Number of protein chains: 2
Amino acid sequence: MKPRITLKKIAREFGVSISTVSKALKDSHEISEETRGKIKAFADYYHYKPNNLALQLRNQKTSVIGVIVPEIVHHFFSTVINGIEKYATEKGYNVMVCLSNESYEKEVSNMSVLTNGSVDGLIVSIARETQQNQNFKHFEAIINDDFPLVLFDRINDDIECDKVIIDDIGGAFKATNHLIEIGSKRIALLTTQDFITVGSLRKKGYIKSLNKNKISVDESLIYKIDDNLDLYEQIKKVFAVKNPPDAILAVNEIYAAIALKIAKESGLKIPEDIAIIGFTSGLISEYTDPPLTCVEQHGFLMGKQVAELLINRIENTAPSEFQKVVISPNLKIRKSTLDN
Amino acid sequence: MKPRITLKKIAREFGVSISTVSKALKDSHEISEETRGKIKAFADYYHYKPNNLALQLRNQKTSVIGVIVPEIVHHFFSTVINGIEKYATEKGYNVMVCLSNESYEKEVSNMSVLTNGSVDGLIVSIARETQQNQNFKHFEAIINDDFPLVLFDRINDDIECDKVIIDDIGGAFKATNHLIEIGSKRIALLTTQDFITVGSLRKKGYIKSLNKNKISVDESLIYKIDDNLDLYEQIKKVFAVKNPPDAILAVNEIYAAIALKIAKESGLKIPEDIAIIGFTSGLISEYTDPPLTCVEQHGFLMGKQVAELLINRIENTAPSEFQKVVISPNLKIRKSTLDN
DNA sequence: TACAAACACGAAAACGTTTGCGCAAATTAT
DNA sequence: ATAATTTGCGCAAACGTTTTCGTGTTTGTA
């Protein structure tokens, strides 16, 4: 790479001081029209642009916000990032994305690197491994320094900072209510292992709805899927019982799509024989046959919200108490539950 | 945010010079065991971490690579980013992601900001608007400065830099050959408008296969879809002709899924009445009914490749001539073309 | 006792920028 | 002609770090 043109070089060119050049380029009245003109022409010609690092160091401000997500090849997370980027750009910030890959160690190292002065604030969705360990010391460290931090979706209540979450309980509650309204009696739940927060919250919403509708909770209808095993085989078991369910609520899109596929292979009609709802994060639900009714998560809105909280925190326009914003998902009804 | 602890503050604390502190923290033998010990203990206690900006400024190296993509809520692009991030992390680089949102102006401003010293090199996939304008001056500017740059997927041959592309012609060629092999005679092509490079390349591969198989090109079978209009309505026309096709090659997943849906609504059997292939970038193809045969694009591999070229360029371990790496897609055969 | 060597540390430059202040020279006012 | 003001520019500090080169003190050796 060619050496960049700097104030110093321009100054040397004209035999003036660096400050004269700096002021000239900023159209300062301190510098004569003549000097200003020739310096600006020269700078233009050589495409002078102030070095950002120097500016950031001097201003003690990077105008960059760091984002750490467990993965990026994931419709929900990329949608959130999109929202973050949108809002950040509007406010003059750039976005630096890092991936934890669900690994505790990578999360720690990413946080350590980013808080070294590279960014003005941090947005994090906690890695699965960290959630399992329940080890949040790396967060305490930056919170002690009052480093601006916002958690979203995968959060932990013990970490004192701003947070944005989806109302998972409410979403599952709505979905289950809908299934009951259309006449479902035996609603199976396809959820994750317990340590996945969203899975357990959605289970709560499911149970809350059953309770409200005076339906007893049948533990044999609750399936905890392990993402490391074969999904297809695990979900098959739902149908291989004497008294199979007449509805399924799946905590994500993939589980729902696979359940749909197996149901059809078993000769079941959807939604007549079995109704299916998933939590969606992508486009799959729209293109299955029939399309899947789903709980929509508003990732873009979430991203904007997260970015807004963070930037307010950075710019000290936020209230001193930490905020917890809850975003309500909505139920998108398609033909997997209502065919009309 | 609390003011960060710096070398200067530590120095003041012990009444020594900044350089002494710096050396002590680096375990320099120049500093006595005693001084070293107390300084390190103090620094540890206050979680001293060198300020990255200062280091970057001094070393004239940021170890950050900038990535500009048209969008991020897109399976292909996020997969490429994932590959980039993976390789970059291995090599000690961080990734700064910016979105052009298909806008020329945003692409220009992103590039301008990132090349101000914030990153050591740039990876770009060109925005649609830029492709339409054919205005590449912003690239010339940074190429004149020998700024490390790699283009991928959405490239332009006039820009002199390293490039990584998918063999779109080959992919479409393979797919069309496959359709012909299974007996298709009238193969429709669902492509994009001409200025979208990938669309026109895939069209070339389609025509190349027809030629090789001595099938004349029927222009009435080629549909140029406009993404700004209603996709469903446009694709419907494929089926609303006297002599409809017996196969469809779609240049992306969505077109293919919609075509599949309409075909089924029209009472056609797949693949018996009509076979369908799409270029895939996401998970949709896997969950349609029947699952779609598709051309897989290896985004992750592409990302690693792109990052490798860039980092070699940055670290001057690259050959001086620019390279153009072509990644061959493969055909994933599913039941939308072969049902056995 | 004198001199060399080892030891322990500091000064200063460099990365590139901005900005308050000072200081001549030129211009205006008295 | 002298004083006051304006004009045009440079100095230097500051952001935080690393590193080369000096320098003074202590220790070791002849």
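Residue numbers begin at 1 in each chain, while the letters A, B, ... track the order of the sequences. This structure is a prediction, so every number in the text was calculated from the model and none was measured.
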Of R58(B) and S17(B), the one whose nearest nucleotide on DNA chain C sits closer to the 5' end is S17(B)
Check DNA chain D against residues 7-15 of chain A and give the residues with a non-hydrogen atom under 4.0 Å, in numerical order. G15(A)
So, using ring pair (Phe, Tyr, Trp, His ring centres under 6.0 Å) as the criterion, who are the partners of F77(A) when residues are at least two apart? H74(A)
Assign S19(B) to base, sugar-phosphate, or nothing according to its heavy-atom contacts below 4.0 angstrom with the strands shown. base
Whichever of H29(A) and N59(A) has its nearest DNA chain D nucleotide further upstream toward 5': H29(A)
Residue pairs passing the ring-ring contact (aromatic ring centres under 6.0 Å, His included) test where at least one lies in residues 3-28 of chain A, sequence neighbours excluded: F14(A)-F42(A)
Give a yes/no on whether any side-chain N or O of K26(A) is located under 4.0 angstrom from OP1 or OP2 of dT18(C). yes
From CG of L25(B) across to P of dA8(C) the rounded distance in Å is 17 Å
Can you find a side-chain donor-acceptor pair between D120(B) and T62(B) that sits under 3.5 Å? yes
Looking at residues at least two apart in the chain, or sitting in another chain, which of them share a side chain to side chain contact (heavy atoms under 4.5 Å, CB included) with T35(A)? T20(A), I31(A), S32(A), K38(A), I39(A)
Is Q134(A) atom CD crowded by more than 12 heavy atoms from other residues, nucleotides or ligands, each under 6.0 Å away? yes
Just jot down the side chain to side chain contact (heavy atoms under 4.5 Å, CB included) partners of S103(A), sequence neighbours excluded, or say none. E105(A), K106(A), E129(A)
Computed from five pairs at either end and rounded to 10 degrees, the angle between the axes of the helix from dT1(C)-dA30(D) to dT30(C)-dA1(D) is 70°
Name the first nucleotide and the last nucleotide along DNA chain D (5' to 3') that come under 4.0 Å of a heavy atom in chain B. dC15(D) to dC21(D)
Should we say atom NZ of K2(B) is surrounded by more than 12 heavy atoms from elsewhere, each under 6.0 Å from it? yes
So, OP1 or OP2 of dT18(C): does either fall under 4.0 Å of a side-chain N or O from S22(A)? yes
I'd like to know if the side chain of S22(A) and the backbone of I18(A) have a donor-acceptor N/O pair within less than 3.5 Å. no
Return the set of residues passing ring pair (Phe, Tyr, Trp, His ring centres under 6.0 Å) with H298(B) (not counting sequence neighbours), or none when no residue passes. none
I31(A) CD1 - dT19(C) P separation (whole Å): 13 Å
Give a yes or no on whether the backbone of L57(A) and the side-chain of K61(A) come within a donor-acceptor separation of less than 3.5 Å. no
Residues which pass side chain to side chain contact (heavy atoms under 4.5 Å, CB included) with F322(A), listed by chain and number, not counting sequence neighbours: E160(A), D162(A), R313(A)
Residues touching DNA chain C, which here means a heavy atom under 4.0 Å, drawn from residues 36-56 of chain B: none
Just call it for E30(B): base, sugar-phosphate, or nothing, with non-hydrogen atoms closer than 4.0 Å on any strand. base
Pairs touching residues 6-15 of chain B that satisfy side chain to side chain donor-acceptor pair (under 3.5 Å), sequence neighbours left out: none
Which residue pairs satisfy the ring-ring contact (aromatic ring centres under 6.0 Å, His included) criterion with at least one member in residues 130-157 of chain B, sequence neighbours excluded? Y104(B)-H138(B)
